[in-house]
There are 2 protein chains.
Amino acid sequence: MFSIGDLSRRTGVKVPTIRYYEQMGLVAAPERSEGNQRRYSRQELERLAFIRHARDLGFAVEDIRSLIDLSGHPEQPCGHADRIAEEQLISVRDKVAQLKRLEAELERIATCCNGETVGDCYVIRALSDHALCTDEHG
Amino acid sequence: MFSIGDLSRRTGVKVPTIRYYEQMGLVAAPERSEGNQRRYSRQELERLAFIRHARDLGFAVEDIRSLIDLSGHPEQPCGHADRIAEEQLISVRDKVAQLKRLEAELERIATCCNGETVGDCYVIRALSDHALCTDEHG
DNA sequence: TGTAATTGCTCTAGCCACTAGAGCTTCAAG
DNA sequence: CTTGAAGCTCTAGTGGCTAGAGCAATTACA
């Protein structure tokens, strides 16, 4: 049996976050010691590792809830799980594309300042005047 | 003079968000009509456009506050503004790198599922077993 | 066995940047 | 002069935690 601190160290999920997941119903309420402290089994450790892994990959808590539900029904077709993963992939790709555009814009802004005072600072001017932008970000 | 709706349409910032910015002190409280409705000048339109632009570029509200303060002191050296922009660039680059790693991992997970049921679905297995990961994401 | 440090407990409130909704008033077009 | 859109204030909710107060339990060591 693991204490909540053990679980935290083994999964990398912070202690208050574990309690938060319990409150949200992502992990079940575990057994308690005589003194009312949480005691986890290996199964619960694995579920938390699953959650951690999915969070690392950017899945929303609601998606993780679905994935956990699915993993409890191994006989069902896995189209739903695939769809969740594909949507997450699309969303990550969108974010990358968006951030790449920002990066380009910021590079132009942040590396081109020859001004010495705010009055002719390219950073400030670029932010004030959208027309200086080459690209339609946002 | 512009109504809050005019401002919203011209800058792309939603009406409740404009009021929120006012509450946060990012934009000053504007004049009011006889019937207590907000009436904005062109200057205020420009400030909001500045904010919108900076938010699009991912600057935090606190950074924007600094940039606005700076733009009100055009005689000062612009090193501070440059630093804010450079830090933002670094943070965007970090995010891109992180998301690229996630993208690679998700591609592997989402495109390799040959299973027909959840029981042998690669998505679920990959999330359950970190050892299937090639890369240390997270 | 004593005790001190660490870890755990519950509860409430805060973070960021909005967003939603209730219930009301004002404005602008026809 | 009416009607419907747009405005107002206020409170509360979102996601995914995080922080802190004020206790209780556990554990390591003497």
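Numbered from 1 within each chain, the chains take letters A, B, ... in sequence-line order.
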Base, sugar-phosphate or nothing for B:R9? Non-hydrogen atoms, less than 4.0 Å. nothing

Atom CD1 of A:I18 and atom P of C:dT7 are separated, to the nearest Å, by 14 Å

Here the distance between atom P of D:dC17 and atom CD of A:E22, to the nearest Å, is 15 Å

Here the distance between atom P of C:dC18 and atom CG of B:L48, to the nearest Å, is 11 Å

Side-chain atoms of A:P16 come closest, of D:dT9, C:dC9, D:dT18, to D:dT18

Whole-Å distance, A:M24 CE to D:dG13 P, equals 13 Å

Going by an N to O cut-off under 4.0 Å, is there a salt bridge joining A:R65 and A:D69? no

Exactly one candidate in A:L45, A:L48, A:L7, A:D6 meets side chain to side chain contact (heavy atoms under 4.5 Å, CB included) with A:Y40; the answer is A:L7

For A:R38, report the nucleic acid contact type (base, sugar-phosphate, nothing); a contact means any heavy atom under 4.0 Å. sugar-phosphate

Of B:N36 and B:Y21, the one whose nearest nucleotide on DNA chain C sits closer to the 5' end is B:Y21

| task | Give a yes/no on whether any side-chain N or O of A:K14 is located under 4.0 angstrom from OP1 or OP2 of D:dT18. | result | yes

Whole-Å distance, A:Q37 CD to D:dA24 C1', equals 8 Å

Exercise. If you measure from the Lys or Arg side-chain nitrogens to the Asp or Glu carboxylate oxygens, is any gap between A:E105 and A:R108 under 4.0 Å?
Worked result: yes

Of the listed C:dG8, D:dC8, D:dG16, the closest approach to the B:R32 side chain comes from D:dC8

B:E31 CD to D:dC8 P, in whole Å, measures 14 Å

Q. Think B:R19 has a side-chain N or O under 4.0 angstrom from the OP1 or OP2 of D:dC8?
A. yes

Taken to the nearest whole Å, CZ/A:F2 to P/D:dT26 is 18 Å

With a non-hydrogen cut-off below 4.0 angstrom, is A:R55 in contact with a base, only sugar-phosphate, or nothing? sugar-phosphate

Which of C:dT7, C:dT19, D:dC17 is nearest the side chain of A:T17? It is D:dC17

Per nearest nucleotide of DNA chain D, the residue lying toward the 5' end, B:S3 or A:S33, is B:S3

TODO: May I ask you to say whether A:E103 pairs ionically with B:K95, meaning some side-chain N is under 4.0 Å from a carboxylate O?
DONE: no

Rounded to whole Å, OH of A:Y20 lies from P of D:dT14 at a distance of 10 Å

Next on the checklist: Assess whether a salt bridge exists between B:E86 and B:R83, defined as any Lys/Arg side-chain N lying under 4.0 Å from an Asp/Glu carboxylate O.
Outcome noted: no

